[in-house]
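Here is the naming used below: chain letters follow the sequence lines, and residue numbers restart at 1 for every chain. All values derive from a computational prediction rather than experimental measurement.
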Number of protein chains: 2
Amino acid sequence: MPPAAAPAADAPAALLEAAEGLFAAQGFAATTIKQIGAAARLNPALIYYYFPDKLALYAAVLDRRLGQFVRAMPARLPAGLTAREGIAIVVRAQVAFMRSSPHVPRLLARELADHEAAVAAPIMRDLAHGPFRRLQALIREGQAAGEIRTDLDPALATISTIAQVAWFFVAHPLMARLLGHEGTVPNRTVDRFTEHAITFALAALAPAPGGRPSRRPRRPRRTA
Amino acid sequence: MPPAAAPAADAPAALLEAAEGLFAAQGFAATTIKQIGAAARLNPALIYYYFPDKLALYAAVLDRRLGQFVRAMPARLPAGLTAREGIAIVVRAQVAFMRSSPHVPRLLARELADHEAAVAAPIMRDLAHGPFRRLQALIREGQAAGEIRTDLDPALATISTIAQVAWFFVAHPLMARLLGHEGTVPNRTVDRFTEHAITFALAALAPAPGGRPSRRPRRPRRTA
DNA sequence: GTCTATAGCGGGATAGAC
DNA sequence: GTCTATCCCGCTATAGAC
């Protein structure tokens, strides 16, 4: 084994790292092979030794940052949770996801706009079929147990819950302005928002107080 | 005045229209002058007669769809509103904004990722200084009047409120999957979500019921 | 105002030396 | 595995005819 001094010196990792930053900042089309080589301090032609083409490099970047995290999500949601526990776990996991690399929110924003591209589709499928459906089921169970108001559609309530952190990070430049920061929202404000988002969602979902029943349950109308 | 038969036949408008669709679908860098000309059924060189260059065309597209709507927002929020009225107005205006062209959500998603670009900055400034600050002030007044729970930070509560509709549209491909639709979320589901978002926010902001006071304001605790 | 033709540049990708 | 040199293509933008 070589001494641990070598600072992450393997070429494919350096290319992925450099490409991630450039793709996030400029987008796929605006980023050139030569820029990536320069940022990685490697010869640009190496990209074609380690990856079939530019698109494959992009797909590898996305899979590393978005795909891996999304696929690891279900393990964070063991069986037997209450809805309130599930909400707290999911919201905190969203924050961890968005902070797992400074480029994640922008990569995500671009993929949301580019959804015709095939790269984003499997990741979105995993998100929808995994944590989203799970949280929705927890909310439905919470309604049956009387812990959650029954006039809310579980799917829509799930969206409202996860929208908070998602939008906070994806619209980061807007959030920074709204919160009065020039550049970036400081870490402790992100932490405060995380706890706020959990409180906000739990308050919205709490059953209407004592005497007055919650508004009459909406007919289970097809979402289609 | 010419007979109303001519179908929007002025060239600059046709170019803006065509460019909007292509920029939204593919992004600025991936869209070519020739594609725009072809989509507008006009000679591509005309772009350089009506606009200085490609970037100026892009800026014009953004200003037409995003800028104009944002600048018109304050007029929707007259003086003397209650916080609850303000929330309903802002949420419905967000939906109207997102529906004002089918391309708005994607244009917005791209601008959020591209915030280094100068084009987005003034629009975000107007959003932050206009409707966002206004809603925040309304919530603060609502807290003083005892209509809104006082343990929530008005700025964070504003973000949570507007995040719902913003995320619903920007993450549309994800929302469609979560709601079980193959392609697009149907209009009546969007309408249901609009009313849901108002209900959700108002429930989250309602003062804690009678005896028990709202939870004490959380100390800013570091999660990191 | 609209069109053709093209200049001039920079992109992705490859061949092949080392 | 890494690097140089380069091909070929398609892009933005312009010149100038009509």
Side-chain angles (χ1 to χ4, degrees), chain A residues 1-3 5-64 107 110 114 116-119, chain B residues 1-3 5-63 107 110 113-114 116-119:
Chain A
M1 198 192 295
D10 68 312
L15 290 170
L16 279 169
E17 194 67 25
E20 178 180 317
L22 288 164
F23 286 145
Q26 308 178 338
F28 176 79
T31 298
T32 72
I33 294 293
K34 287 164 194 175
Q35 285 176 336
I36 296 170
R41 305 177 134 260
L42 288 173
N43 192 296
L46 271 183
I47 288 168
Y48 295 94
Y49 181 79
Y50 290 107
F51 303 92
D53 57 14
K54 188 185 164 189
L55 187 63
L57 171 59
Y58 180 65
V61 165
L62 284 189
D63 188 73
R64 186 172 72 134
L107 290 172
R110 293 192 189 281
D114 274 342
E116 311 291 4
V119 192
Chain B
M1 200 193 294
D10 71 310
L15 290 171
L16 279 170
E17 193 68 26
E20 177 180 318
L22 289 163
F23 285 145
Q26 307 177 338
F28 176 79
T31 298
T32 72
I33 293 294
K34 288 169 191 173
Q35 286 175 336
I36 296 170
R41 305 176 132 261
L42 288 173
N43 191 298
L46 273 183
I47 288 168
Y48 295 95
Y49 182 77
Y50 289 108
F51 303 91
D53 57 14
K54 187 185 165 189
L55 187 63
L57 172 59
Y58 180 66
V61 165
L62 283 189
D63 188 73
L107 290 173
R110 293 192 189 281
D114 273 342
E116 309 292 4
V119 192

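For B:A11 against B:L46, the heavy-atom pair with the smallest separation is CB-CD1, 4.5 Å. When all heavy atoms of B:T31 and B:K54 are compared, the pair lying nearest together is O-NZ, 2.8 Å. Minimum heavy-atom separation, B:P12 to B:F51: O-CZ, 4.4 Å.
Taking atom CG of B:N43 as the reference point, atom P of D:dA13 lies 15 Å away to the nearest angstrom. Between the CD1 atom of B:I47 and the C1' atom of D:dA15 there is a distance of 18 Å, given to the nearest Å. The CG atom of B:D10 sits 15 Å away from the C1' atom of C:dT2 (whole-angstrom rounding). The interatomic distance linking B:Y49 (OH) with D:dA13 (P) rounds to 18 Å, in whole Å. Between B:R41 atom CZ and C:dT2 atom C1' there is a gap of 17 Å when expressed in whole angstrom units. Straight-line distance from the CD atom of B:Q35 to the P atom of D:dG10: 12 Å, rounded to whole Å. C:dG12 atom C1' lies 13 Å from atom CG of A:L57, rounded to whole Å. Atom NZ in B:K54 sits roughly 17 Å away from atom C1' in D:dT14 (whole-Å rounding).
Atom CG of residue A:L57 and atom CZ of residue A:F28 lie 8.5 Å apart, to the nearest 0.5 angstrom. Rounded to the nearest 0.5 Å, atoms CG (A:L107) and CZ (A:F23) are 9.5 Å apart.
Across the interface with DNA chain D, nearest-nucleotide mapping of A:K34 and A:L46 shows A:L46 to be the residue nearer the 5′ end.
Out of C:dA13, D:dT12, D:dT14, the shortest distance to the side chain of A:D53 is found at C:dA13. Of the candidate nucleotides D:dC3, C:dT4, D:dT2, D:dC3 has the atom lying nearest to any side-chain atom of A:A45. You'll find that the side chain of A:T32 is closest to C:dG12, out of C:dA13, C:dG12, D:dT2.
The phosphate of C:dT14 (OP1 or OP2) has no side-chain N or O of A:Y48 nearer than 4.0 angstrom.
Backbone-only engagement by B:Y50 is indicated by non-hydrogen atom pairs under 4.0 Å involving sugar-phosphate atoms exclusively.
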